*Asks:* 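One structure coming up, written as C-alpha cells, with questions to follow.
Chain identifiers are assigned alphabetically (A, B, ...) following the order of the sequence lines, protein sequences preceding nucleic acid strands; residue numbering begins at 1 within each chain. Every value quoted in this text rests on a predicted model; they were computed, and no experiment measured them.
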Amino acid sequence: MTTTRSRQERDSATTIDRDRYDPAAIETKWQERWEREGVHRTPDHVPGKDNWYALVMFPYPSGDVHIGHWYQYAGADAHARFKRMQGYNVLHPMGFDSFGLPAENAAIASNVHPRIYTETNIDNMRRQFRAMGTSYDWDRELTTHTPDYYRWNQFLFLRFYEAGLAYQSRGFANWCESCQTTVANEQVLDGACERCGTVIVRREMDQWFFRITAYADELLQMDDIDWPNKIKVMQNNWIGRSQGVDFQFDISEYGLAESSLTTFTTRIDTVYGVTFVVLAPEHPLVEGLTQPEQRKTVREYIDQAARTSEIERTSTEREKTGVRTGAFAINPLNGERVPILVGDYVLATYGTGAVMGVPAHDERDFVFAKKYGLEIRVVIAPDGWDGSDLEEAYLAPGTQINSAEFDGLPSRDGIEKITDKIEADDIGARRITYRMRDWQFSRQRYWGTPIPIIHCDSCGTVPVPVTDLPVRLPDEAQFKPTGRSPLADDPDFINAACPHCGEPARRETDTMDTFVDSSWYHLRFASPQEAEAPFEPQAVKSWLPVHQYMGGAEHAVMHLLYARFFTKALRDLKMVDFGEPYSRLFNQGLLIKDHAKISKRSNPLAPDPLVDRYGADTIRCYLMFLGPWDQGGDWSDDGLAGITRWLNRVWDLASRDPSGLLSNGSGDSDADRELLRMSHKTTRRVVGDFERFKFNTTIAALMELVGEMNRRWESGSISAAVWSDTVERILLLTAPLAPHIAEELWERTGHTFSIHNVSLPGWNDELATDEVITVVVQINGKVRDRLQLSVDVTEEEAFEAAFASERVKAYTGDSEIVRRIYIPGKLVNFVIR
RNA sequence: GCCGAGGUGGCGGAAUGGUAGACGCGACGGUCUCAAAAACCGUUGGGCAUAACGCCCGUGCGGGUUCGACUCCCGCCCUCGGCACCA
C-alpha cells in the first residue's frame, strides 16, 4: 500500500523525538559511559582481529590543550577510530613528554616545584583530551618524568654505554645562554636555540654523546618506510653524506710530531690546482706551524674567531678572512710548496678541519685567493676555453689540464685515476664524511633524567650498576640556573661510593636531553606497567613497529631521527627485532587563523569556550573540514556554521520516524535505487578518503548524502527499509569524526551500545554504479553537448547518439570528421576540419 | 644559493590527462514571522548578449606536447617550509 502525505503532516504525526541537538547534553554523558565500560581499553590480543598501532606524537604538558593540539589530536583520533571500525584491534595511547625546561623555568619564576607544575598541567590536559572525545586507552598512559619511566632511560643508557654507543668527550658544545645548558646540533636552528631563539655560543666542556654517526649510512636507507618524501629529504640533507678523499700534504720540514697535514676534498680532480692550504682556527696544528714572525697576528686572529658567534661565522654573506702562518705545505703530487693560512670559513668540525685551496674551481677559495693575492691556476678546462683568466670559479666537470700525466682526461675520470694514484703512493685515501655529528645529549639542568654515572678518582668513569637504578632525581633543588646542573649543588645527590672500589666518588650531575625519552616511548606503550624491563618482548612483538605514526614535520631531524637511531641500536643489542620504529608516517599541516600563526598573545583561539558553545563534535569536524589535513588549514569562526547545520541535519534525519514511508520497500523502486546508489557510493568515497587522511572530502561526501536524503524524504517515494539503512550508514561513517552525536543517534535509532564497536558498512560496486551516465560531446575538444546514456552504451551507440544531437550537427555541418575519440562512460570528441 | 611543497571564484577548498570551481562560508533574492533571528528554497567565476539548456574568456606568467592540460614537459615569477662557507 502506498501512502503519500504532505511533509508537514508526516513530520508532526510521526516524529518520535523532536529534541534539538544539544551537544552539551550528550557529550559528557557518552564520555563517562565510554570510560565506565572501557570501550577504548586495548588488550594485546583480540581473537579474530589484527592489531593496529596508531600513535600520535605525545605532547609536552604545557598545561593547555590548545587549538593546534586539537587539530593534531582530533585528526589522529579520527583515523584511529576509523581503523577500529575497520575491524582492527587498535592501540591508540596517550602520554606526556613531561621532562623539560618550561617546568623548571616556571619553578624559577613562580616558585612552584617542577613536579607540581607538571602534574597539575597533566591533570588539566587529561581532562581536556577527554572533553575532546578522544579514544585513548588511559590505562596505558605514561609520563616520562616519573621514576617508573626514567629508570629505563638510565637502563638503556647503560646498555648503550657498554656497547660503546654512549660516551663522554670534551669539546666545543652549543651553549644557550638563556636556557643555561648545552643543546645538540639538531636543536640549533639558524645558529639560535630551537627552544628560545637565543644565539648559540660555543663553549668547551665535557659532554655526553650518543654515537648516532655509527648508523649514518643505515639511517640514509629509507626505502622500506612509508614516510612523506619531504621528511626523507630533510633527513638525507641533515645526514649529509659526501664521498671524497683525505689528502696529505707534507710538513715534515717543521719537525713536528706530525709530518703531514691531512685535508678532505670531494674534488680531488682539482688537486694540481692547489695554491694554498687553509686550516680552521681550532686546528691542532695551527700552533706548531705558525712561524715566530706571524705568531702575534695568528693569535689575534684565533681570539677574534673564538669570540665570533657560530651564526656569524657560518654566514654566507660574510667576507672570508684569513692570516698566513708563515709555514708552507708540500703537495706530494707535484712537489709544490704552497702557503698555509688560517681562515675561519673552514670548520674544525667537518672533514679534517683543513682544506686544500683550489681557487680556480671553488667559489670560496676563489674569493679568498682574490682577496689575499694567491695564485689562481686552472686545472679543469671548460669546454671551448680559450685560456683567458676566469671571471669566477669554474665548478662543472671539464678536461684535466696542468695535471701532469692526467692531462686530457675528462675530470670525472680524473677523480678516479688521481685517487688511485694517491692510494697507491700512500699519500691519502678514499673517505666518506657526514655532516651529521654525534648526538650531544647531556644537559646542565634539573628537570630531566640523571645520567647514571659515577666519577671516581681512581677508577675513572664508572657506570651505576643496573641493580642500583633508578638514580632518583632529588626532590629538592636550587633551581636558579648557574651554568651547571642544579644537581651539582646537592651534596646528598653528588656524593656516592664508587661501585668499583667503594671509595668516595661523585655522581654525574648532567641530566638527559628529553629527546631520549621520546626515542623509545612507543615501545613503552606496549607494556607501560612492566616493572622488570623497559618493555615486555611479547607485547612489543604484538604491537610494533608502529603501523601509523602521526605528528608534525617540525621533528624531522630531531625526534624522528633519534627514534630511528634508538631502534637500530636496540636491534643490535638484540632487544627488538626490527630496525625502524614507525612504518608509516603522516604529517599534519599547521593550523592558522586569519592567515596568521595562532599565538596566545597576538592571535588567540582557546578551544574550551568553543567546546562550551558548539560542542566537541562540531569543533572536531570543523577542523577536519578546513582543508586537507597534511596541508593545514585557516580557521575562521564563520565557517563553523556549515558544520553546525550539517550535524543538525544529521540529527534531524535520524530522529524521523520512517514508518510513514512506503512500507513495501524492498529497495526496488527507482527512488529507492537512487538513494541506495548514493549511499553505497558515499560509503566507498568515505572509506577511501579516511584511508588517505582526506577528512575534508569525507565530510563533503557525507554532506552530499544528507542533502540527497532530504530531497528523497521530501519526494516521499522511498521505502522505510532503504531510508533506515541509509541513516545507519551515515551514523557509522560519521562516528570516527563526531563520536558523541553518532553514539547518541545510534541509541535513539534503536541500536545497542556502542556504535564504536560496530564495523563500517561495506558497499556493493554494482549498486554504486550509475545506470544513466552523462556523456560529454566535444567538437575539437570543446564541450558542445551533454547526453544522458545508459551505462552499458557501446562505443558505436555513443557515436550515433552524438551524431544525432542537433547541437552537434550545428557544429559539424559539412565539415569532415577526421577523428573520433571515445572515452567509455565519459565523453565523445569529434575532430573536424 | 641548493632542496621540498604550493599558487584555482569574495573566502576555505574540490577535481592529478576527459563536464574546472564538488562541499562549505559569505553575499543576494524568496518562504515563514508583527518584526528579527533560526530554519527552509533559489541564485552566485568574469565578460558579451538578439536573452538561446547561446557565445567568448578563465586554474601565477610565457612557451610546448595532446583530439583534449589545473593535471604532463621546458623556461620564468611569487608564497611557504627546510638546509646553507660542509670543502
*Asks:* Looking only at atom C1', what distance separates B:A15 and B:U71, rounded to whole Å?
*Replies:*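 Nearest-Å result for B:A15 against B:U71 at atom C1': 9 Å.
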*Asks:* With distance as the sole criterion, is a donor-acceptor pair present between the side chains of A:D637 and A:Y614 under 3.5 Å?
*Replies:*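 Short answer, no.
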*Asks:* Looking only at side chains, do A:W238 and A:E186 share a donor and an acceptor under 3.5 Å apart?
*Replies:*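 A donor-acceptor contact under 3.5 Å links the two side chains.
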*Asks:* Does the pair A:R711/A:E714 count as a salt bridge with the N-to-O cut at 4.0 Å?
*Replies:*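 Between A:E714 and A:R711 there is no salt bridge, as every charged N stays at least 4.0 Å from the carboxylate O atoms.
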*Asks:* OP1 or OP2 of B:A39 sitting under 4.0 Å from any side-chain N/O of A:R645?
*Replies:*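 Looking at the OP1 and OP2 atoms of B:A39, one of them is under 4.0 Å from a side-chain N or O of A:R645.
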*Asks:* Under 6.0 Å between the ring centres of A:W635 and A:Y622?
*Replies:*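 Centroid distance A:W635-A:Y622: below 6.0 Å, so yes.
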*Asks:* Mind checking A:T263 for me? I need base, sugar-phosphate or nothing, with any heavy atom below 4.0 Å counting as a touch.
*Replies:*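 No contact.
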*Asks:* Would you mind reading off the distance between A:L395 atom CG and B:C85 atom C1', rounded to a whole angstrom?
*Replies:*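 Going from A:L395 (CG) to B:C85 (C1'), I get 13 Å.
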*Asks:* A:N237 CG to B:G1 P: how many Å, rounded?
*Replies:*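 Atom CG in A:N237 sits about 17 Å away from atom P in B:G1.
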*Asks:* Are A:T349 and A:R437 close enough that a side-chain donor and a side-chain acceptor fall under 3.5 Å?
*Replies:*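 Yes - a donor-acceptor pair under 3.5 Å links their side chains.
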*Asks:* What is the base-pairing partner of B:C28, counting Watson-Crick and G-U wobble geometry with both distances under 3.5 Å?
*Replies:*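 Pair assignment: B:C28 / B:G42.
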*Asks:* Identify each atom pair where a protein N or O and an N or O of nucleotides 52-55 of chain B are less than 3.5 Å apart, giving names and distance.
*Replies:*
from	atom 1	to	atom 2	distance (Å)
B:C55	OP1	A:R807	NH2	3.3
B:C55	OP1	A:Y811	OH	2.7

*Asks:* Heavy atoms only, 4.0 Å cut-off, all strands: where does A:R649 land among base, sugar-phosphate and nothing?
*Replies:*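 Sugar-phosphate, no base atom in range.
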*Asks:* C1' atom, B:U50 versus B:C55: distance in rounded Å?
*Replies:*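 Those two atoms are separated by 12 Å.
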*Asks:* Whole-Å distance between B:A87 P and A:R431 CZ?
*Replies:*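 Atom CZ in A:R431 sits about 12 Å away from atom P in B:A87.
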*Asks:* According to a strict under-4.0 Å criterion, is A:R685 in side-chain N/O contact with OP1 or OP2 of B:A22?
*Replies:*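 Checking B:A22 against A:R685, no side-chain N or O comes under 4.0 Å of OP1 or OP2.
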*Asks:* Between atom CD in A:E714 and atom P in B:U31, what is the gap in whole Å?
*Replies:*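 A:E714 atom CD is separated from B:U31 atom P by 18 Å.
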*Asks:* For each nucleotide in nucleotides 11-18 of chain B, reading 5' to 3', give B when a protein heavy atom comes within less than 4.0 Å of its base, S when such contact involves only the sugar-phosphate, and - otherwise.
*Replies:* -BSSS--B
*Asks:* Tell me: CD1 of A:I592 to C1' of B:G6, nearest whole Å?
*Replies:*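 Answer to the nearest Å: 13 Å.
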*Asks:* Side chains of A:N331 and A:Y272: is there a donor and an acceptor less than 3.5 Å apart?
*Replies:*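 On atom types as modelled, these side chains do not qualify, holding no pair under 3.5 Å.
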*Asks:* Are the ring centres of A:F695 and A:F625 closer than 6.0 Å?
*Replies:*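 A:F695 vs A:F625: aromatic centres not under 6.0 Å.
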*Asks:* Give A:V233 one of three labels, base, sugar-phosphate or nothing, depending on what nucleic acid heavy atoms sit under 4.0 Å from its own.
*Replies:*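 Sugar-phosphate, backbone atoms only, no base.
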*Asks:* Should the pair A:D22-A:R20 be classified as a salt bridge under the 4.0 Å nitrogen-to-oxygen rule?
*Replies:*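 Salt bridge between A:D22 and A:R20, a charged N being under 4.0 Å from a carboxylate O: no.
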*Asks:* Figure out the CD/P separation between A:E363 and B:C85, and round it to whole Å.
*Replies:*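 Atom CD in A:E363 sits about 13 Å away from atom P in B:C85.
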*Asks:* Starting at the 5' end of RNA chain B, which residue's closest nucleotide do you reach first, A:I643 or A:K782?
*Replies:*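 Of the two residues, A:I643 wins.
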*Asks:* Rounded to whole Å, please give me the gap between CG in A:N587 and P in B:G81.
*Replies:*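 It is 16 Å, rounded to the nearest whole Å.
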*Asks:* Could you check which nucleotide pairs with B:U59 in any of the strands shown, counting Watson-Crick or G-U wobble with both distances under 3.5 Å?
*Replies:*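 Because no pair has both required distances under 3.5 Å, B:U59 counts as unpaired.
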*Asks:* What is the nucleic acid contact for A:V831, judged by heavy atoms within less than 4.0 Å: base, sugar-phosphate only, or nothing?
*Replies:*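 If one applies the 4.0 Å heavy-atom cut-off, A:V831 turns out to touch the sugar-phosphate alone, with no base involved.
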*Asks:* Can you check whether A:F799 and A:F803 have ring centres sitting under 6.0 Å from each other?
*Replies:*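 Between A:F803 and A:F799, which both carry aromatic rings, the centre distance is not below 6.0 Å.
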*Asks:* How about A:R431 and A:Q243: does a side-chain donor come under 3.5 Å of a side-chain acceptor?
*Replies:*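 Note: A:R431 and A:Q243 side chains miss the donor-acceptor criterion.
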*Asks:* How many Å lie between CZ on A:R241 and P on B:C3, as a whole number?
*Replies:*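 Spelled out: CZ on A:R241 to P on B:C3 is 20 Å.
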